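Inspection log for the structure reproduced underneath, given as structure tokens.
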Amino acid sequence: MHFSPQNNQFWQSDFLIDWSSIESKWHKIWQDEKYFDADPSEKKKFFVTVAYPYPNSPQHIGHGRTYTLADVHARFMRMCGYNVLFPMGFHYTGTPILGMARRVQENDKELIEAFRTIYKVPEQNIQEFSEPVKIAQYFHQEIKSGMIEMGYSIDWRREFTTVDPVYNKFIEWQFRKLKSKNLVIQGSHPVGWCPKDHNPVSQHDTLGDVEPAFTEYVLIKFRYDKYIIPTATLRPETIFGVTNLWVNPDVTYKIIDVDGENWIVSAECARKLEFMDKKVILISEIKGSALVGKKIKIPVRNEHVVILPASFVKSENGTGLVMSVPAHAPFDYQALEDIKKNTRNFEEDVLNSVRAINPISIIQTEGYGEIPAKEIIEKFKIEDQNSPRLEEATKELYGKEFYEGILKNNTNQFAGKKIADVKEEVKKWLLKRKDADTIFELNDGPIRCRCGTECVVKILNDQWFLDYSNKNWKKDAHSCINEMKILPEDIRNEFNHVVDWLRERACARQHGLGTKLPWDKNWIIESLSDSVIYMAYYILAKYVNKKQITAENLEDEFFDYIFLEEGNVKKVSANCKITENLLESIKNEFSYFYPVNSRHSGRDLVPNHLTFFVFNHIAIFPKKYWPEEIVVNGSVLMDGKKMSKSMGNIIPLRDAIRMYGADPIRLAILISAELLQDADFNLEAVKGIKNKLENMLEDCSKYKLNIGSNLQQEDKWLLSRLQQLVFETTSAMEKMRLREALHYILYEFDSDIQWYLKRANAKNRTDVSSTLYNALSIRVTMLSPFAPHIAEEMWEKLGNEGLVSKSLWPLVHNEDIDSLSLQSENLLKSTMDDIRNILKVTKITPKKIIIYTSDSWKNKAYQKILSNVIKGEMNIGVLIKSLISDKETELVKKDPDFVKKTVNDILSEPIESRQAKAETNIIDEKKILLELDSLVQKDFGVNVQVFSESDPEKYDPKNKARTARPFKPAILIE
RNA sequence: GCCGUGGUAGCCCAAUUGGUAGAGGCGGCAGACUUAAAAUCUGCAAAGUGUGGGUCCGACUCCCACUCACGGCACCA
């Protein structure tokens with residue numbers, strides 16, 4: 001579906017209230033109040049941050065989720081009395097924007113059209129987009145406007161971008177700090193590479209978005225005369241089983257000088273080697289057929305074997321020559337068989353060599369005998385070396401041998417070891433003896449760059465890495481993660497797991513926006529490395545924006561002083577030309593707000609950003625500044641499907657706000673799933689929520705506070721429920737179970753009010769305004785973090801003073817919880833349900849309804865059974881025995897079935913309500929059920945009579961009364 | 001392949017330390033209000049928890065095996 005306001009059918013018809021003017025009204029008031037600006041104060045602080053956006057496109061509904069969660073968190077904590085800092089920055093660092101700018105320069109029609117029609121970028125802006133920063137700046141403003149329109153309670157005085165000069169200084173400081181701790185190291189590193197662009201390629205740089213994955217192969221160096229014939233293999237341990245080499249007789253090979261050695265390889269391989277950090281000089285050429293029959297020397301074993309022809313050898317794979325291990329490699333075994341079968345095509349001496357070859361078995365694997373390759377070929381019924389099933393057979397055998405195979409005695413020092421354990425060891429050993437080398441090869445080649453050039457694997461030299469493999473660093477990261485609060489708890493394991501598998505990570509690239517590596521200006525610090533401790537920068541940003549700090553004169557000692565309390569204030573002041581006073585107040589502000597109390601982010605950032613965030617804080621800051629909490633949320637689906645440009649189901653956030661209003665969108669995103677689940681966003685849900693809010697707003701102008709009205713049973717009940725709901729909502733909020741909290745506020749609340757109104761109407765009451773006013777005020781207070789605009793409007797309609805977002809989150813008043821009225825109303829509700837059910841089943845029109853409450857011994861028995869069930873004793877026999885042994889309850893022997901039914905009654909209730917019943921006195925059911933009369937009158941139009949089971953005067957023609965149980969009165973309908 | 005997460009009414013999603021699977025939303029059906037529709041309200045129907053085993057008085061929940069779906073596997077924000 002293409003989404004646009006024109007074809008949207010929902011928004012035009014029922015425009016009861018003007019959301020957009022309500023929103024801007026409150027935006028202005030919030031802004032004038034400067035309510036979201038946070039500075040150090042006497043109050044306790046709460047610092048909540050969320051991953052800043054990368055401004056290469058406008059935000060859509062999906063982005064809205066993380067920010068909305070964080071905003072609700074910020075607003076909630078503010079209402080709980082904290083001085084909350086919730087700031088926002090913009091992450092310009094990275095290469096995608098660069099790529100976009102290049103495509104604009106090249107006049108890429110598709111991209112420019114997307115800017116015009118999907119993103120609705122004005123024409124004059126698109127003109128400027130050939131300059132990367134202009135793209136970032138445009139979408140920066142676009143995103144910021146969206147955030148304001150969503151009502152995010154951000155302290156905008158602290159806004160910054162990652163290309164600001166002071167930010168650059170800050171990142172330089174970070175990197176020098178890391179380097180001084182030996183956490184930045186240098187090394188070489190293979191990458192997918194476009195030889196034309198001279199640039200690494202990742203998935204979105206390739207045609208067809210193919211991930212340029214590659215594998216490391218070991219090159220075994222066989223010697224022939226003065227030449228070296230390398231063969232590529234994933235199984236270096238099979239060198240002990242080599243019986244011959246394979247060459248493709250139709251291929252012309254190159255003789256090249258590789259770092260002083262003469263290698264014979266295919267032309268394709270020669271090219272690959274050039275990118276492997278090797279010096280390659282072409283010497284001459286040789287036909288493959290000329291190599292057939294030549295004897296070569298096997299490294300380690302000091303034996304000579306022959307080179308044989310084979311058509312399965314491809315010049316583009318590996319070196320274009322293959323070592324042959326017929327005992328364990330199905331291809332090799334089959335190729336030998338093929339020669340034996342087609343004797344006509346081969347010279348006599350080749351045939352003689354082949355006949356002389358005996359497969360050398362070197363791996364013992366359960367389920368296989370001497371020559372596993374032979375067995376599996378027979379199993380797969382393979383006829384010749386061109387069979388497509390050979391690939392499959394190889395895979396199966398290789399897998400089996402890798403995990404279960406054990407090297408035999410003919411493998412020297414490796415004998416008796418498992419392949420899986422020894423593979424790496426053999427490789428290192430061969431490399432050390434200079435009998436091997438390594439080469440990287442693309443897995444699913446050929447892969448082409450967007451420019452059309454075929455990609456290769458290149459070893460990048462002098463690459464800079466953050467050494468996430470450092471053991472001590474990992475240890476600290478684990479302990480930080482284990483000590484911090486992680487929401488939801490389920491994801492803690494994943495963090496620990498990431499810490500375990502993380503290894504060196506390249507932290508600089510040669511292109512892109514960002515900060516230059518301070519000691520090697522050819523490199524730009526990569527985007528996932530310059531975004532890990534920037535939360536500290538929010539403290540500086542305020543002063544930078546006030547022009548009290550400039551990049552000039554800013555030395556490392558400034559950051560050391562502010563963030564680490566190192567150095568001498570006078571010296572820092574003199575060197576950095578910042579007054580001592582200012583230095584002190586910045587430092588105090590930092591120590592006031594740090595550490596980060598809560599970091600919000602999507603779950604896609606768990607394996608990278610969020611974990612790096614932990615690592616880098618550990619490395620740079622003292623323990624007191626380590627982050628305290630991480631909150632992770634899932635992504636957003638659109639009508640159950642992933643959002644994507646190609647499906648056309650991306651709704652830009654600002655469009656959605658215009659159509660539905662900010663609050664309905666905030667609620668729709670939050671209510672559709674718990675934290676970690678993917679949230680399914682759909683327009684139907686938004687519509688429903690919008691209606692709900694509009695009705696609530698209408699209710700708010702109906703009820704007013706009147707002092708002195710008499711509280712009746714149902715008032716006490718509603719106010720008790722209110723307290724319970726406040727309690728439930730608050731504890732859900734504390735666990736960031738926002739969906740659950742919203743559920744209480746929006747729906748649970750509603751059904752309680754419905755019941756209250758039903759009761760009040762049945763009694764023809766007119767004095768309900770005050771109770772409802774109280775309930776609504778609290779409801780609106782709790783709604784306020786979620787739907788801030790409409791909540792303010794409701795607050796005003798209710799006639800309350802000030803801003804609801806500035807009011808305090810309601811406290812639970814346990815003294816207002818009247819357990820008796822809770823139980824009473826439950827009894828009324830369940831009895832009404834029972835009556836309704838009986839009528840449904842019997843299909844009679846009632847003339848008379850009679851209720852019987854249970855005898856007093858049953859109440860006593862009930863209490864006893866209840867306390868036993870709570871203790872965990874629910875064996876019916878045991879319960880009956882103990883009841884009979886007591887005089888008060890011995891009557892149970894006349895009605896043993898009562899016990900079983902009562903246990904079931906109790907078990908069907910939630911644990912809290914069992915507890916509540918155990919703690920309060922037995923309610924007077926007869927008195928309560930008299931209230932039933934008005935309800936029944938209203939619903940069924942007849943009167944109710946209530947008797948006690950023991951009442952001798954009772955009307956009981958069908959002898960029903962004896963089936964009455966506590967909380968389960970007997971009912972007779974005539 | 002490896003690691004992780006998850007299979008519950010037509011759909012989305014709940015179910016606290018095992019205690020009769022439902023709180024809710026969307027949709028459906030019936031009724032009320034309405035000239036009508038929308039909205040709202042009242043009531044109703046609908047799954048036995050991916051499959052197969054096991055532990056337990058009792059399993060969506062714990063254990064084992066299988067299966068399907070989704071996400072991650074790095075220099076990409």
Side-chain angles (χ1 to χ4, degrees), chain A residues 10 13-14 16 51-57 91 93-97 99 189-192 200-205 211 213 395 399 402-403 460 463-466 468 490-491 493-495 497-498 500-509 512 526-529 531 603-609 611-612 634-635 637 639-640 642 667-668 671-674 676-692 694-695 698 728 731 737 739-740 742-744 746-748 750-751 754 757-758 833 836 840 869 872 874-876 903-912 914 939:
Chain A
F10 302 119
S13 53
D14 52 325
L16 292 181
Y52 48 21
Y54 183 66
N56 70 336
S57 60
H91 197 196
T93 312
T95 50
I97 287 178
H189 181 64
V191 292
V201 285
S202 59
Q203 189 168 352
H204 59 249
D205 301 316
E211 173 71 29
K395 213 171 154 189
F402 180 79
Y403 292 108
L460 277 185
Q463 172 74 279
W464 292 97
F465 296 90
L466 283 171
Y468 290 127
D490 324 17
I491 202 136
N493 263 345
E494 210 166 310
F495 274 105
H497 184 244
V498 172
D500 286 333
W501 64 252
L502 221 49
R503 24 173 235 259
E504 300 84 0
R505 184 191 168 83
C507 61
R509 323 193 79 205
E526 167 275 341
S527 61
L528 280 165
S529 304
S531 59
R603 74 173 309 172
D604 51 328
L605 300 189
V606 170
N608 43 68
H609 166 76
T611 307
F612 301 160
S635 59
L637 304 176
D639 290 322
K642 239 175 136 171
L667 297 195
I671 207 164
S672 83
E674 275 309 344
L676 209 52
Q677 297 293 328
D678 286 348
D680 187 31
F681 184 87
N682 61 75
L683 302 178
E684 285 296 324
V686 185
K687 196 178 98 178
I689 284 162
K690 195 169 139 199
N691 286 328
K692 185 131 216 134
E694 288 176 357
N695 288 328
E698 215 181 305
E728 303 284 7
S731 49
R737 291 176 64 101
R739 175 196 140 87
E740 192 181 317
L742 263 179
H743 175 251
Y744 292 126
L746 247 35
Y747 301 112
E748 201 98 329
D750 234 21
S751 56
Q754 293 309 335
L757 285 173
K758 185 177 179 143
D833 284 345
R836 215 187 310 278
K840 199 175 94 191
V869 170
M874 44 203 105
N875 183 307
I876 307 296
V903 168
N904 281 339
D905 287 346
I906 292 168
L907 284 178
S908 70
E909 284 188 90
I911 289 175
E912 305 88 68
R914 296 178 202 170
D939 278 14

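Computed from heavy atoms alone, side chains included, the values below leave out hydrogens, waters and symmetry copies. Order of the sequence lines sets the chain letters (A, B, ...), proteins ahead of strands, with each chain counted from 1. It should be emphasised that the depicted structure is a prediction, and the values quoted were computed from it without experimental measurement.
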Quiz item: Considering only the C1' atoms, how many Å lie between B:rA15 and B:rA59, rounded to the nearest integer?
Solution: 13 Å
Practice problem: Write down the distance between CD1 (A:I671) and P (B:rA14), rounded to a whole number of angstrom. | Solution: 12 Å
Practice problem: Report which part of the nucleic acid A:N56 touches: base, sugar-phosphate, or nothing (heavy-atom distance under 4.0 Å, all strands). | Solution: nothing
Exercise. Write down the distance between CD (A:E728) and C1' (B:rG24), rounded to a whole number of angstrom.
Key: 14 Å
Quiz item: How about A:I671 and A:Y747: do any of their side-chain heavy atoms sit closer than 4.5 Å?
Solution: yes
Self-check item: Short side-chain donor-acceptor distance under 3.5 Å, A:S751 and A:Q754
Solution: no
Self-check item: Side chain of A:A506 - closest among B:rG72, B:rC75, B:rA14
Solution: B:rC75
Self-check item: d(CG, A:N608; C1', B:rC75) in whole Å
Solution: 11 Å
Quiz prompt | Length of the line joining A:E504:CD and B:rC73:C1', which is rounded to integer Å | solution = 16 Å
Self-check item: Assigned partner base of B:rC41, Watson-Crick or wobble definition, under 3.5 Å
Solution: B:rG31
Quiz item: What interatomic distance, in whole Å, is found between C1' of B:rA46 and the corresponding atom of B:rG58?
Solution: 26 Å
Practice problem: First locate atom OG1 of A:T611, then atom CG of A:L528, and finally report the distance between them rounded to the nearest 0.5 Å. | Solution: 11.0 Å
Exercise. When you get a sec, tell me which of B:rC75, B:rA77, B:rA15 is the closest nucleotide to the side chain of A:L605?
Key: B:rA77
Exercise. Can you tell me, in whole Å, how much space there is between the C1' of B:rU55 and that of B:rG27?
Key: 40 Å
Practice problem: Give A:L502 one of three labels, base, sugar-phosphate or nothing, depending on what nucleic acid heavy atoms sit under 4.0 Å from its own. | Solution: base
Quiz item: Closer to the 5' end of RNA chain B via nearest nucleotide, is it A:P53 or A:H743?
Solution: A:H743
Quiz prompt | P gap between B:rC11 and B:rU16, integer Å | solution = 23 Å
Exercise. Give A:E748 one of three labels, base, sugar-phosphate or nothing, depending on what nucleic acid heavy atoms sit under 4.0 Å from its own.
Key: sugar-phosphate
Quiz item: Do any side-chain nitrogens or oxygens of A:S751 fall under 4.0 Å of OP1 or OP2 in B:rG24?
Solution: no
Exercise. Between B:rU42, B:rU40, B:rA23, spot the one nearest the side chain of A:N691, thanks.
Key: B:rU40
Quiz item: Which heavy atom of A:Y54 sits nearest a heavy atom of A:H91, and at what distance?
Solution: CD1-O, 2.9 Å
Practice problem: Can you tell me the distance, in whole Å, between the NZ atom of A:K692 and the P atom of B:rC26? | Solution: 8 Å
Self-check item: Watson-Crick or G-U counterpart of B:rA69, or none if no pair lies under 3.5 Å
Solution: B:rU5
Quiz item: Between B:rU42 and B:rA23, how far is it from one P atom to the other, in whole Å?
Solution: 15 Å
Quiz item: Whole-Å distance between B:rA23 C1' and A:D750 CG?
Solution: 14 Å
Exercise. Kindly give the heavy-atom pair with the smallest separation between A:P53 and A:P55, and that separation in Å.
Key: O-CD, 3.5 Å
Quiz item: A:V498 versus A:N608: any side-chain heavy-atom pair under 4.5 Å?
Solution: no
Self-check item: Nucleotide nearest A:R503 (side chain, heavy atoms from C-beta), chosen from B:rA77, B:rA23, B:rA74
Solution: B:rA74
Quiz item: Can you tell me how far C1' in B:rG6 sits from the matching atom in B:rG50, rounded to whole Å?
Solution: 11 Å
Quiz item: Base, sugar-phosphate, or nothing for A:H609, non-hydrogen atoms under 4.0 angstrom?
Solution: nothing
Quiz item: In Watson-Crick or G-U wobble terms, both distances under 3.5 Å, what is the partner of B:rA36?
Solution: none
Exercise. For residues A:R603 and A:I491, determine if any side-chain heavy atom of one lies less than 4.5 Å from a side-chain heavy atom of the other.
Key: yes
Quiz prompt | Candidate nucleotides B:rG24, B:rA74, B:rA14, ranked by approach to the side chain of A:W501 - the nearest | solution = B:rA74
Practice problem: Counting Watson-Crick and G-U wobble pairs only, both distances under 3.5 Å, name the nucleotide matched with B:rU20, or none. | Solution: none
Self-check item: Residue A:H497, side-chain heavy atoms: nucleotide from B:rA74, B:rU40, B:rC3 that is nearest
Solution: B:rC3
Quiz item: Does OP1 or OP2 of B:rG6 have a side-chain N or O of A:R603 closer than 4.0 Å?
Solution: no
Exercise. Would you please classify the geometry between the A:F612 ring and the A:Y468 ring as parallel, tilted or perpendicular, with 30° and 60° separating the classes?
Key: parallel
Quiz prompt | Minimum-distance nucleotide (side-chain atoms of A:R739 versus B:rA74, B:rG24, B:rC13) | solution = B:rC13
Quiz item: What integer distance in Å separates A:Q754:CD from B:rG24:P?
Solution: 13 Å
Quiz item: Which whole number of Å gives the distance between the C1' atom of B:rG48 and that of B:rG7?
Solution: 15 Å
Quiz prompt | Whole-Å C1' distance, B:rC60 and B:rA21 | solution = 7 Å
Quiz item: Is B:rG7 in the syn or the anti form, by the rule that syn lies within 90° of 0?
Solution: anti
Exercise. Ignoring the backbone of A:Y54, work out which of B:rA77, B:rG24, B:rA15 is nearest its side chain.
Key: B:rA77
Self-check item: Distance, rounded to the nearest Å, where A:L746 contributes CG and B:rA14 contributes P
Solution: 17 Å
